[in-house]
Protein chains: 2
Amino acid sequence: MHNTLEYIHKMILEVVDIDAIEWANYSAMFEIKEFKKKEVILNVNSICQNVYFVNSGLLRTYFTDKNGRESTFHFAQEFDLATDLESFIQQTPSKYHIQALEETQVVVWPHKMVFDGYKNLRNGEKLGRMLTEKYFILFSNKIQSLYTKTPLERYNEMNKRFPTILQRVPQHYIASYLNITSVHLSRLKNE
Amino acid sequence: MHNTLEYIHKMILEVVDIDAIEWANYSAMFEIKEFKKKEVILNVNSICQNVYFVNSGLLRTYFTDKNGRESTFHFAQEFDLATDLESFIQQTPSKYHIQALEETQVVVWPHKMVFDGYKNLRNGEKLGRMLTEKYFILFSNKIQSLYTKTPLERYNEMNKRFPTILQRVPQHYIASYLNITSVHLSRLKNE
DNA sequence: CTTTAGCAATAACATATGTTATTATTTTCA
DNA sequence: TGAAAATAATAACATATGTTATTGCTAAAG
């Protein structure tokens with residue numbers, strides 16, 4: 001937990017100036033929560049009220065299409081964050097589910113805290129912009145990968161960048177991350 | 001041109017307060033540019049220095065994969081904007097091309113103007129945050145569509161939301177927008 | 001006006017990916 | 001510990017999508 005708060009502190013310091021007193025007051029508002037394995041912590045169509053930083057464990061965000069088929073959009077490991085930013089920003093119904101794949105502890109950044117920060121922190125607005133930009137770049141890379149790479153290429157890419165994920169989660173989640181079936185992934189691995 | 005500036009002014013007023021004097025000083029820095037049909041105005045690996053608002057004509061942003069195949073990411077019609085925001089923000093090599101599909105006139109929002117605005121406008125940072133959020137939401141919708149819908153569904157969606165585009169551009173650009181071949185699109189339409 | 005290049009449809013075939021069912025193994029948990 | 005559920009591989013078949021080539025039509029350019 002302290003590690004994650006330290007991580008957040010550093011991340012914020014990288015983009016804006018925030019002094020010790022501000023940080024002490026601000027960071028006191030973070031909350032800690034625990035989720036059980038397989039617990040769904042955000043449902044489609046509910047309003048996303050939190051940004052979650054993973055302290056320990058693993059979260060995944062995923063879509064379901066009209067046939068109920070799931071596509072995993074993102075795995076959030078230690079220090080990663082998970083949220084439906086669109087729902088969070090606009091306070092509109094969420095398009096994702098978020099689910100804990102393991103027993104997971106998170107640092108919670110509640111909506112009110114984020115939005116109050118825009119006003120109350122000296123560099124609140126700038127912080128908001130920079131973090132939105134960071135998150136945007138995640139999406140931008142995702143889109144490029146989806147448009148220009150084959151499932152096999154994306155599997156290899158994943159293998160390089162998140163090697164431990166492949167050990168931690170069942171293969172059908174990996175397949176759903178690649179937006180293919182587990183049968184097809186099994187075939188691709190035989191090459 | 002005046003229409004587009006008015007449009008931008010309104011868009012800004014929707015999200016932050018900007019008074020007449022500020023706007024007069026600020027908007028004087030916009031530039032106007034014209035591009036010929038088929039002209040490429042941003043190349044992959046160059047640094048994106050501008051946000052373009054289309055005043056008249058039509059732009060498209062697109063990827064190329066390692067086989068040189070193109071995927072159109074977005075069509076920007078009148079009042080729409082086109083940029084590679086990731087490259088623009090970070091001043092890193094662009095991942096997209098941007099090309100004029102028709103004789104096109106744009107309002108140019110140069111990088112320096114945007115970044116100076118963060119400091120010099122009273123609500124510059126907030127404006128930056130809100131516009132980044134807006135652009136993020138575009139991407140967020142795109143991703144959901146890519147993950148959960150079939151090419152045919154995305155064709156029909158496009159038909160509803162941008163009916164004029166289908167008349168304005170050759171079908172193989174539409175196919176590249178759907179990330180399928182023009183042969184396949186032709187087949188899908190026979191249903 | 002005429003020539004050329006670009007475009008859209010189509011057919012035939014090839015490849016990628018999905019579906020269903022079966023089986024063996026592993027994990028979960030009562 | 002033992003039964004039930006989840007998992008991964010595999011095979012056989014079905015469907016979606018890509019590739020190449022051909023044709024006729026339309027738009028662009030000299």
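Convention: sequence-line order gives letters A, B, ...; per-chain numbering from 1.
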Q: Can the positive tip of A:Lys142 be found less than 6.0 Å from the middle of the six-membered ring of A:Phe73, inside 45° of the ring normal?
A: yes
Q: Any idea how B:Phe35 and B:Tyr52 line up, ring-wise: parallel (<30°), tilted (30 to 60°), or perpendicular (>60°)?
A: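 Ring orientation of B:Phe35 relative to B:Tyr52: perpendicular.
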Q: Between D:dA8, D:dG18, C:dA16, which nucleotide gets closest to the side-chain atoms of A:His184?
A: C:dA16
Q: Could you check how far NZ of B:Lys36 sits from P of D:dA29, rounded to whole Å?
A: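 Rounded to the whole Å, the gap is 12 Å.
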Q: Using a strict cut-off of less than 4.0 Å between a Lys/Arg side-chain nitrogen and an Asp/Glu carboxylate oxygen, indicate whether B:Asp116 and B:Lys112 qualify as a salt bridge.
A: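 A salt bridge is present here (some side-chain N lies under 4.0 Å from a carboxylate O).
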Q: DNA chain C: B:Lys189 or A:Leu188, which has the more 5' nearest nucleotide?
A: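 By nearest-heavy-atom nucleotide position, the 5'-most residue is B:Lys189.
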Q: Rounded off to whole Å, could you give me the CD-to-P distance for the B:Glu191 and D:dT15 pair?
A: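 Distance, rounded to whole Å: 13 Å.
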Q: Can you check whether B:Lys37 has a side-chain N or O nearer than 4.0 Å to OP1 or OP2 of D:dA28?
A: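 Yes, because at least one side-chain N or O of B:Lys37 sits under 4.0 Å from OP1 or OP2 of D:dA28.
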Q: Looking at C:dT10, D:dA8, D:dT17, which one has an atom nearest to any side-chain atom of B:Ser186?
A: C:dT10
Q: Please figure out whether B:Lys38 or A:Pro151 has its closest DNA chain C nucleotide nearer the 5' end.
A: B:Lys38
Q: Can you tell me if B:Thr181 touches the phosphate of D:dT17, counting only side-chain N or O atoms and a distance under 4.0 Å to OP1 or OP2?
A: no
Q: Return the value, rounded to whole Å, for the distance between atom CZ of A:Arg187 and atom P of D:dA12.
A: 13 Å
Q: When you measure only distances, ignoring hydrogens and angles, does the side chain of B:Arg69 come within 3.5 Å of the base of D:dG18 through a donor and an acceptor?
A: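 Under the 3.5 Å cut-off, the side chain and the base do not form any donor-acceptor pair.
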Q: Verify the contact: side-chain N or O of A:His172 to OP1 or OP2 of D:dA6, cut-off strictly under 4.0 Å; return yes or no.
A: no
Q: Take the protein atom CG of A:Asn179 and the nucleotide atom C1' of D:dT17, then report the distance between them rounded to whole Å.
A: 15 Å
Q: When the distance from CG of A:Leu101 to C1' of D:dT7 is rounded to whole Å, what number comes out?
A: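 Atom-to-atom, A:Leu101 to D:dT7, this comes out as 15 Å.
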Q: Would you mind classifying the nucleic acid contact of B:Asn67 as base, sugar-phosphate or nothing, using non-hydrogen atoms under 4.0 angstrom?
A: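 Counting heavy atoms under 4.0 Å across all strands, no contact is made by B:Asn67.
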Q: Any side-chain N or O of B:Asn190 less than 4.0 Å from the OP1 or OP2 oxygen of C:dT10?
A: yes
Q: Rounded to the Å, how far apart are B:Ile180 CD1 and D:dA16 P?
A: 13 Å
Q: Out of D:dT17, C:dG18, D:dA21, which nucleotide sits closest to the side chain of B:Val183?
A: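 Of all the options, the side chain of B:Val183 is nearest to D:dA21.
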Q: Once you round it to whole Å, what is the distance between P of C:dA16 and CG of A:Leu185?
A: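 In whole Å, C:dA16 P and A:Leu185 CG are 16 Å from each other.
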Q: Check B:Phe139, B:Phe136, B:Tyr135 against A:Phe139 for a ring pair (Phe, Tyr, Trp, His ring centres under 6.0 Å) and give me the one that passes.
A: B:Phe136
Q: In whole angstroms, how far is the P atom of C:dT27 from the OH atom of A:Tyr173?
A: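 So the two atoms are 15 Å apart, to the nearest Å.
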Q: With no hydrogens and no angle check, do the side chains of A:Ser94 and A:Asp84 hold a donor and an acceptor under 3.5 Å apart?
A: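 Yes, A:Asp84 and A:Ser94 have a side-chain donor paired with an acceptor closer than 3.5 Å.
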